[in-house]
Structure formats: structure tokens, C-alpha cells
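Each remark here refers to the structure printed beneath this line.
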Amino acid sequence: MLCYSSSSSSSSSSLHHGNNNNHLRLPTEQHLHLLQSFNSPFELKQLHTHFIKTSLPLSLLPLTQVASVCALTPNFTYAQKIFQRVKTPEIFTWNSCLKAFAEGESPNDAVLLFYQIIKFGLLPDSFTLSFVLKACLRLLDVENGRIVHGYVEKLGLSSNLFLKNTILHLYGYCGEFDDALKLFDKMSERDVVSWNIMITHLIKRDDIERAFDLFSQMVVRNLRSWTLMISGFVQCGKPKEAVDLFFEFEKVGLEPNEVTVVAVLSACADLGDLNLGRRIHEFSNKSGFGSNVRVSNTLIDMFIKCGCLEEARGVFNEMKERTVVSWSAMIQGLAIHGKAEEALRVFDEMIRVGMKPNWVTFLGLLHACSHMGLVEQGREFFTSMTSDYGIVPKIEHYGSMVDLLSRAGLLQEAREFIKNMPIKPNGVVWGALLGGCKVHKNIELAEEAIENLSELDPFNDGYYVVLSNIYAEAERWEEAARVRKLMRDRGVRKTPGASSITVDGVVHEFVAGDESHPQAKKIFETWDKLVEKMKVMGYVPNTSVVLLDIEETEKERFLYRHSEKLAVVFGLINTPARTPIRVMKNLRVCEDCHEALKLISTIGNREIVVRDRNRFHCFKDGSCSCRDYW
DNA sequence: GTAGGGTTAG
């Protein structure tokens, strides 16, 4: 049990602080008993302190274990003192201490201890190096990382894959991707982890093409490789590719785990793919993933983004443990479904159960207020998030506030708000003001907004389109044309509106003006019949939303081929009566379509759920869940 | 006693 030399048991030890008595004392029976019966590292540490204070010979203490106490209550000074006492320490002991430091609150202590070990002349082994590398990783300390890398080479451990992989990860993690790549290229032996690390960092750099290239050469892929790539596609905004890869993955015959499930569900949320989402939900219940908080959180998000608020609520209600993410997802979900009051109630409940909100929670609350015109309430949240919860507003919160004020018609106040922001406004902030200017027909402020936007976000077509629409609505055609010319000159093209609907598991996509669908003839015939009935009910085509310089009748024809109209009519034809029609649109719903869909929900006796790029519209019995406030 | 993948927001 005793593993250090006689000198460390000397009573003149420097550890005898607060005690000048160098006289060697003998331990009492009680001490000896304690030495054999301590139950925890804590007790051992107390005993150690006691020995020091009372000048009892430290040789009696199992110092290896004392060192490992550091592993449980990491304290560098304490470790250093013990280290100074030990003449023939075993590297093993120090490794466990290093590990604790590397994983604890002060990873820098691991780096310090590592240099003590070196200074002492003790030979580090592969574990020593791996722990200190881990500390460097957590500290983003690439300088010391390089030094440790040097030791790896010097000590002849360069063929150790564990170490090499950790160094790869460290370089990538610290933003030194080129170094990681150089090392990867030089490695004589690589395993699946080496490849996975390189793919991870390519994804982090948003280089999904190269990441997928590496993945496709890989000879051996494990579950992590697949999950990494699927989640990489989602992170890089390619949910379709993520889902396709998941189908490939299923063919290989591997079983998804919780992490895979989270990645696929995120893709389903982005795509609005309810079919796959439901299938994964069942699978995850069967596999017992239901108790995993992240899985449940992602399920909530998936159901919300697929328009199934009730099912999202079901998952939320069944959760035994909820995190701030669960609550925030629910609040944000209710917000985009236009259920502001309920979102606020969920927030009250969240506070009542003692859950601390974060910045995302408040973003959800501000969205709820903004989508429903609750100006005062929104203002209160904005103030309270800082004063009551100590959360510093981010640019997103400012954007949301400008949105709230502008939509409510408080345009001057919104402008003042922007002028007084403590951080530089971005395109989203000015864009929110521009949106309000459109609704409330304020050309002057719109021009100011676009001036700022031309600088901040010059290639975003949406802003030019809004300004052009504002001019067109005011019948200022020349200016509308000038904006369109500006777009052309700058090479900005309007993103075509596109809507999709899934029928029998097949996704049908419609682009504005599209007459190429196999059922196009039937769709237009049905539409013509509908529009007759709609006109009787008071529908007047709003051609001002059509940007093109064309004849009025041509404009109408174009208006009738807006993507959301095509998708909904296709749904009417191809789905059973009285079932809901679910449509997804890449842009915001146009005003004319919004009016039309309200009427169609009555004529067709259907619930029509449209997810646009901002929120959900649920058309039912002639009205929309957004109460025309969007 | 050692390395790689996950949720709200965007």
C-alpha cells in the first residue's frame, strides 16, 4: 500500500504548514483504525490533512490513493504538494489525477500538472498524453496541444491511434483544419474514428460536399459515421439528402440509436415530412427512446413543424423530465400556430415549476406576441428578460421587437427602437420594419429601410419584392419598375414560390406558374369552378401582388397559378373529403392566396393547413388561425 | 484509466 520513499515520510515535510513541531509523532490506535476503514476519498483527504497538521508520518498514508483523491476533488495546489512529496510516483496515479483535471472545472490544471510531471522527469505514457490533450481541447489551447503532439512523436507513440485521433480532433476543434488534414494525410494507419473526425470538422466548416466525399470512400462505416453524415446534412440545410441517406442506412441493416433518431427527426421537421416523422416516432417508442429528453424534444419540434400541434402536446405531456428546450420548443410551437395566449400560459407554468427560461424561450414569447399583436405584453417580456432573468437581448430579440411594433403599425416607434439599439441592426431588423411598412403602407419609411438593406443584405430578393409591391399597391408604377430594374442590375432574382403536398407518401411540388404537372388540366378546371363560386362570395383577385409588367388578364392568370393554390387544389382532388389538406410553402403566403384559401376552406369543407416560411396558417370555415395578422 | 455523432434558435 505504501508506495513512496522514506524521504516523503519525513516529519520535516513542507506540508507541515502551521506546525513547527518537527518531532516525529506516532499515530494513535484510532488513526490506524481510520487508515484501514476510511469509506470515501473525502475521509481519506481529511485524514491526510490531519496527518499533516499533527506531523504524523505520511508514510502511513496510502499516498497513491491520496493522489487519486485529487481525481475526485480536483485541486491543483493539493495535487502539486502531494506530487512534491512523492519520490517514486507511479504514472498511473498521476494519470487519474490528470483525467480528473482534464474533465473538471479547471482543465488548465491538467496542463500545469503535465509540465510538473515532465519537470520531475517522469515518463508520460499514452494515457498521460491523451488526458492532457483532452484538457487542451477543452481550453481550445492549440499551442500546448502542439507541444504535447511533439511529445507524442518524441516518445515514439506516433503509431498510437488513440493519440493521433485526439490530436486530429484537437486541431480541427481549434480551427486549425489544415493541420488536421496534413496529419490525416500523413497517418500510416487510420481507423473509422479518424475518418469520422475529419468528416465532423468538414461539416463544422459547412463543407458538406467534401464531407460526403470522404464518407463515400470510407471502407468501414459504423453507426456514428452514418449518424454524423445524416445530421451533417441537416446542419448544412440539406434535410432531403439527410432523409435519402437515412434510407440508404436502413438498407445496410444497422439499427438507429437515439442520436440517429434525433438527426432524422430534425430532417423531418425541416421537410415537414410527417409520414417519416410518425414512423420514427413509433420506432423510437418501440426501442424505448421515449424516455430520452432530446428525442422527445425533437419529436415535439417535428410534430409542430408538421402542423400537428396536438401530437406535439401529447409528447410534451408524457415527458417525465423536461428541459428548458422542451418548454421553449412548445412555446415557439404555439407561437407559430397563432396560439399566443396558450404560449404565455405554458410560460407561466414553466416558471411555476421552477424551470429557468433562456434566450430562446424569450424569442418564442416575443414571436407569440408579435404574431398576435400583443404589443404591451411583448414590451413587458423584452424588459423582464433582462431585469428578472439577467438575459442580455440578442440581435434576434431586437428583430422580434421591431417586428412586433411594425406589424402593430407603430412604425415610428419601431424606427426609434432601431436607432436606439445598443448593437448594430442587421438585415433582419430592417427587414422587419420593411414588412410593417408594407402592411401599413408607409412608403417613406420603407425607402429608409431598403436603403439600409441595400447595404446590409444586398442580394436578398425578398426585400426588393416587398418594396416593389408597396409601390405597385400605391400605383406608383414607375418606381415599382425602378426597383425591378435595380434587382436586374444587381443580378438579384426573385425566388419562385414553391409549395408541396404529400399524397399517399408521394411529394408533389408546384412552382408558381407551373403548368407541367400531369394533372394540370384537371387542376385548372377545378380552379375555374372554384373561382366562380369564390367571386359570388366576394372574392376580387388582388393583382397588385403580381410583379410582372403584363396585362391585367395576364396578371390574373399568373395569380391563379400561385404555387399554394395549385397545391391546395391538387389536394382537394386527390384526398378524401373532409380530411385536412397540408401544404408547405418556401416563401410567405401571398395576400391573394390567403383570401382565396379562406373561401376554399368553406366551399370545399376542408381544413387547410399551410406552413409558410414563418408560421402556420390553418384555414377553416372561412377564416384563418392567424386572424389575418401575419 | 484514453478518441468521433444529438434537441429549441438559425
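In what follows, chains are A, B, ... by sequence order, proteins preceding strands, each numbered from 1.
- A:Trp327 places its CH2 atom 18 Å from the P atom of B:dT8, with the value rounded to the nearest Å.
- Rounding to whole angstrom units, CE of residue A:Met302 and P of B:dT8 are separated by 13 Å.
- In this structure, A:Lys305 places its NZ atom 10 Å from C1' of B:dT7, rounding to the nearest Å.
- Counting any heavy atom pair closer than 4.0 Å across all strands shown, A:Asn160 reaches no nucleic acid atom.
- For A:Lys99, taking side-chain heavy atoms from C-beta onward, the closest of the listed nucleotides B:dT8, B:dG5, B:dG1 is B:dG1.
- Counting only heavy atoms from C-beta on, A:Phe92 has its side chain closest to B:dG1 among B:dT2, B:dG6, B:dG1.
- Closest to the A:Arg294 side chain, of the nucleotides B:dG10, B:dG6, B:dG5, is B:dG6.
- Residue A:Lys164 is classed as having no contact, given no heavy-atom separation below 4.0 Å to the nucleic acid.
- The side chain of A:Gln235 places an N or O atom within less than 4.0 Å of a non-bridging phosphate oxygen (OP1 or OP2) of B:dG6.
- Residue-level contact check: A:Val261 touches neither bases nor backbone, having no heavy atom under 4.0 Å from any strand.
- Here A:Phe127 does not pack flat against the base of B:dT2, since the 5.5 angstrom centre distance and 30 degree tilt limits are not both met.
- B:dA9 atom C1' lies 9 Å from atom NZ of A:Lys394, rounded to whole Å.
- As judged by a 4.0 angstrom heavy-atom cut-off over every strand, A:Leu133 is placed among residues making no nucleic acid contact.
- Checked for salt-bridge contact, A:Glu250 and A:Arg279 meet the test: a charged N lies under 4.0 Å from a carboxylate O.
- For B:dG6, the base has no donor-acceptor partner in the side chain of A:Asn297 [N/O atoms by modelled type, under 3.5 angstrom].
- Aromatic ring centres of A:Phe382 and A:Phe362: separated by at least 6.0 Å.
- Counting to the nearest Å, the P atom of B:dT2 and the CG atom of A:Leu137 are 16 Å from each other.
- Listed nucleotides B:dG10, B:dG6, B:dA3 differ in distance to A:Val295; the shortest reach to its side chain belongs to B:dG6.
- When distances are taken from the side chain of A:Glu396 to each of B:dT8, B:dG10, B:dA3, the shortest belongs to B:dG10.
- Side-chain atoms of A:Asp125 lie closest to B:dG1 of the nucleotides B:dG1, B:dG6, B:dG10.
- Of the possible donor and acceptor atoms, one in the side chain of A:Thr298 sits under 3.5 Å from a partner among the backbone N and O of A:Arg294.
- Distances were taken from every side-chain heavy atom of A:Gln332 (C-beta onward) to each of B:dG5, B:dT2, B:dT8; the shortest belongs to B:dT8.
- With B:dA9, B:dG6, B:dT2 as the candidates, the nucleotide lying closest to the side chain of A:Asp301 is B:dA9.
- Residue A:Lys134 has a polar side-chain atom (N or O) positioned under 4.0 Å from OP1 or OP2 of B:dA3.
- Rounded to whole Å, the distance from CG on A:Asp191 to C1' on B:dG5 is 15 Å.
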Set out, in order, the CA-CA distance, both residues' side-chain angles and the distance that settles side-chain hydrogen bond (donor to acceptor under 3.5 Å, both in side chains) for A:Thr260 and A:Thr227, then state yes or no.
CA-CA 5 Å; A:Thr260 324; A:Thr227 306; 3.0 Å; yes

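- In this entry the distance linking CD1 of A:Ile300 with C1' of B:dA9 reads 15 Å, nearest Å.
- Between the C1' atom of B:dT2 and the CZ atom of A:Phe101 lies a distance of 18 Å, rounded to the nearest Å.
- Residue contacts for A:Trp359: at a heavy-atom cut-off of 4.0 Å it reaches a base atom on one of the strands shown.
- Side-chain contact between A:Trp630 and A:Asp612: present, with at least one pair of heavy atoms (C-beta onward) separated by less than 4.5 Å.
- Set against B:dG5, B:dG10, B:dT8, the side chain of A:His367 has B:dG10 as its closest nucleotide.
- In this structure, A:Lys182 does not pair ionically with A:Asp178, as no charged nitrogen and carboxylate oxygen lie closer than 4.0 Å.
- Among the nucleotides B:dG5, B:dG6, B:dA3, the one closest to any side-chain atom of A:Val193 is B:dA3.
- In this structure, a donor-acceptor pair under 3.5 Å is present between the side chains of A:Ser231 and A:Gln235.
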